[in-house]
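Single-structure report; data block below.
Heads up: numbering here begins at 1 and tracks the sequence. Atom set for the values below is all heavy atoms of this structure, side chains included, hydrogens, waters and symmetry mates excluded.
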Amino acid sequence: MIFNYNFKNYNFRLLLYVLALNVIGILVINSASGQDEGMVMKQMMGIALGLAMALVISLIPYQKLFAYSWGIYGGCIAILLAVLVFGRNVNGATRWIEIAGIQFQPSEFVKHGLIVFGAWFLNKNVESLNSVKTLALIAAVFAVPVVLILEEPNLSTTLVIMFVLACMIFVAGLSYRWILGALAVVTPVFGLLIYLARFTDVLTRVPFLRGYQVTRVLAWLNPDEYASTGYQQANSIMAIGSGMLHGKGLNNNTLASVKNGNFLAEAQTDFIFAVIGEELGFIGCMVVIGLFAVLVFECLWTGHRAKDLSGKLIGCGVAALLSFQTFTNIAVATGIFPNTGIPLPFISYGVSSLVSMYIGLGVLLNVGLQRNTH
């Protein structure tokens with residue numbers, strides 16, 4: 001099977017960009033964790049496992065995965081239900097499950113499972129995509145995992161999946177009439193919610209928002225009134241700004257360090273970009289953003305050169321996932337978005353996120369191996 005590939009088409013550049021991000025991640029996690037060897041070793045093992053899985057998956061024709069599309073979808077639903085029934089509750093959220101002594105976050109893997117399933121499902125229904133019946137079917141099928149993730153609750157991952165699916169549906173050929181119609185409805189509703197967000201009692205009645213999520217939105221909109229809630233973002237912005245051009249250096253232990261003063265919660269995960277800004281400065285931040293930019297471009301270019309629509313949709317899905325998560329993480333760290341708790345891909349500490357991203361990368365690499373040469 002693998003001997004039919006032209007390995008001149010193997011996208012080693014994509015792997016190099018990811019490994020460069022991994023190296024930066026290891027260095028910054030080591031500093032953010034106070035040089036915790038256990039944490040660093042666990043992240044390195046996650047990189048090794050993820051890279052090995054990506055290399056193996058990259059040799060499996062993605063068309064063969066489509067034969068198990070409903071099985072992949074069913075598996076996603078099963079593990080999400082298992083989380084709600086058997087999952088471990090941490091800080092009011094049930095997102096983790098333990099199997100055979102291994103703890104992981106299923107929603108991270110569901111993202112990539114839904115990209116593969118979505119590529120197959122949309123390709124199968126592409127001829128009737130713009131009919132009400134097909135769009136209703138698509139909405140119903142994907143509403144199930146979205147609602148289950150929202151129940152954990154995990155609003156940030158829900159938004160990521162909805163954004164990825166919206167991009168894939170657009171690339172599949174959604175009519176601009178539907179897009180403009182959706183914008184005509186969503187834009188005023190979103191504007192109204194932002195306006196009403198000034199009134200706490202109104203915002204608490206929004207059905208898909210929990211209490212702590214409401215508080216985070218209010219802290220973002222009214223930082224002076226909710227200083228006790230928005231302090232993480234305020235300190236993150238302070239940390240990034242204090243790094244100036246060159247940063248204070250990795251593993252710095254100066255008294256002026258925001259990180260060392262324990263002013264950043266989850267510095268090695270959700271707010272790792274703040275540590276990058278403080279210790280590597282503006283230059284370090286731009287290097288990281290530049291690496292993500294070329295990585296997303298490679299994903300889009302791979303999708304553009306795919307041999308069929310399903311390959312294009314996989315490329316679009318992975319690119320949308322990487323770009324949205326990256327932008328959102330950095331936007332939270334810089335105060336552009338409310339605090340959402342999304343990891344920075346390939347950099348933040350977390351084996352579930354790391355390995356799942358590599359799995360998606362493996363499927364994408366196979367799309368590139370079968371690219372259209374004309």
Might you work through the side-chain hydrogen bond (donor to acceptor under 3.5 Å, both in side chains) test for N22 and Y358, ending with a clear yes or no?
CA-CA 11 Å; N22 285 155; Y358 264 112; 2.4 Å; yes

Decide side chain to side chain contact (heavy atoms under 4.5 Å, CB included) for K42 and Y349; before the verdict, give the C-alpha distance in whole Å, the side-chain angles of both, and the deciding distance to 0.1 Å.
CA-CA 9 Å; K42 190 174 180 180; Y349 173 74; 3.1 Å; yes

Applying side chain to side chain contact (heavy atoms under 4.5 Å, CB included) to L365 and L369, what does each step give before you reach the verdict?
CA-CA 6 Å; L365 285 168; L369 270 176; over 6 Å; no

For side chain to side chain contact (heavy atoms under 4.5 Å, CB included), just list the numbers for V141 and F117, CA-CA rounded to whole Å, side-chain angles, deciding distance to a tenth of an Å, and then say yes or no.
CA-CA 11 Å; V141 168; F117 173 78; 3.6 Å; yes

How far apart are the C-alpha atoms of L15 and Y10, what are their side-chain angles, what is the distance that settles it, and do they pass the side chain to side chain contact (heavy atoms under 4.5 Å, CB included) test?
CA-CA 10 Å; L15 284 176; Y10 204 93; 3.9 Å; yes

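Residues L364 and L14 have side chains in contact (heavy-atom distance under 4.5 Å, counting atoms from C-beta outward). Residues V171 and L122 form no side-chain contact, since every pair of their non-hydrogen atoms from C-beta on lies 4.5 Å or further apart. Within the 4.5 Å cutoff, no side-chain heavy atoms of V164 are placed close to those of K111. Residues N339 and F271 meet the side-chain proximity criterion, which asks for heavy atoms closer than 4.5 Å. With contacts defined as side-chain heavy-atom distances shorter than 4.5 Å, the pair V116/F66 qualifies. Counting heavy atoms from C-beta outward, I347 and I276 have side chains that approach closer than 4.5 Å. Looking only at side-chain heavy atoms (C-beta outward), P145 and L114 come within less than 4.5 Å of each other. At a threshold of 4.5 Å between non-hydrogen side-chain atoms, the residues I47 and I26 count as touching.
If you look at F292 and F346, their ring centroids are not closer than 6.0 Å.
Here CD of E279 is found 10.0 Å from CG of L27. Values are rounded to the nearest 0.5 Å. In this structure, E152 CD and Q105 CD are separated by 7.0 Å, a value rounded to the nearest 0.5 Å. Atoms OG and CD, on S352 and Q103 in that order, are 8.0 Å from each other to the nearest 0.5 Å. M53 CE to L51 CG: the interatomic distance, rounded to the nearest 0.5 Å, is 11.5 Å. Atoms NE2 and CG, on H246 and L280 in that order, are 12.5 Å from each other to the nearest 0.5 Å. To the nearest 0.5 Å, the span separating CD1 on I72 from NE2 on H112 amounts to 13.0 Å.
In the model, D308 has a side-chain atom that pairs as donor or acceptor with a side-chain atom of Y62 under 3.5 Å. Judged purely by distance below 3.5 Å, without hydrogens or angles, the side chains of N366 and Q370 pair a donor atom with an acceptor atom. Defined by atom type and a distance below 3.5 Å, a donor-acceptor pair is present between the side-chain atoms of N154 and T157. Side-chain contact, K248 with S242: a donor N or O sits under 3.5 Å from an acceptor N or O.
Checked by atom type and distance alone, the side chain of N329 pairs as donor or acceptor with a backbone atom of D270 at under 3.5 Å. The closest donor-acceptor contact from the side chain of R95 to the backbone of P153 lies under 3.5 Å. No side-chain donor-acceptor contact under 3.5 Å links S353 to the backbone of G350. The closest donor-acceptor contact from the side chain of S33 to the backbone of D36 lies under 3.5 Å. Using a distance-only test at 3.5 Å, with no hydrogens or angles considered, no donor-acceptor pair links the side chain of T187 to the main chain of A184. With E151 contributing its side chain and L81 its backbone, the two residues share no donor-acceptor pair below 3.5 Å.
Between Q43 and V351, the closest heavy-atom pair is OE1-N, 4.5 Å. The two residues S175 and N130 make their nearest non-hydrogen contact at N-OD1, 2.5 Å. Taking every heavy atom of both residues into account, S236 and A333 meet most closely at OG-O, 2.6 Å. In terms of heavy-atom proximity, S348 sits nearest to I272 at OG-CG2, 3.5 Å. Of all heavy-atom pairs between I342 and T328, the closest is CD1-CG2, 3.6 Å. Here the closest heavy-atom approach between residue V318 and residue I115 is recorded as N-CD1, 4.0 Å.
Linking Ile, Leu, Val, Met, Phe, Trp and Tyr whenever their side-chain heavy atoms come within less than 4.5 Å puts V363 and L300 in one cluster. Residues L49 and L55 are members of one and the same hydrophobic cluster, defined by side-chain heavy-atom contacts under 4.5 angstrom among Ile, Leu, Val, Met, Phe, Trp and Tyr. Both L59 and L65 are assigned to one and the same hydrophobic cluster, defined by single-linkage of ILVMFWY side chains at heavy-atom distances under 4.5 Å. There is no path of hydrophobic side-chain contacts, each under 4.5 Å, that joins W96 to L80. V132 and I138 end up in the same hydrophobic cluster when Ile, Leu, Val, Met, Phe, Trp and Tyr side chains are linked at under 4.5 Å.
Relative orientation of the W301 and F297 rings is parallel, given thresholds of 30° and 60° on the angle between their planes. Between W70 and Y73, the ring-plane angle classifies as perpendicular under the 30° and 60° cut-offs.
Other residues, nucleotides and ligands contribute at most 12 non-hydrogen atoms within 6.0 Å of the CZ atom of F282.
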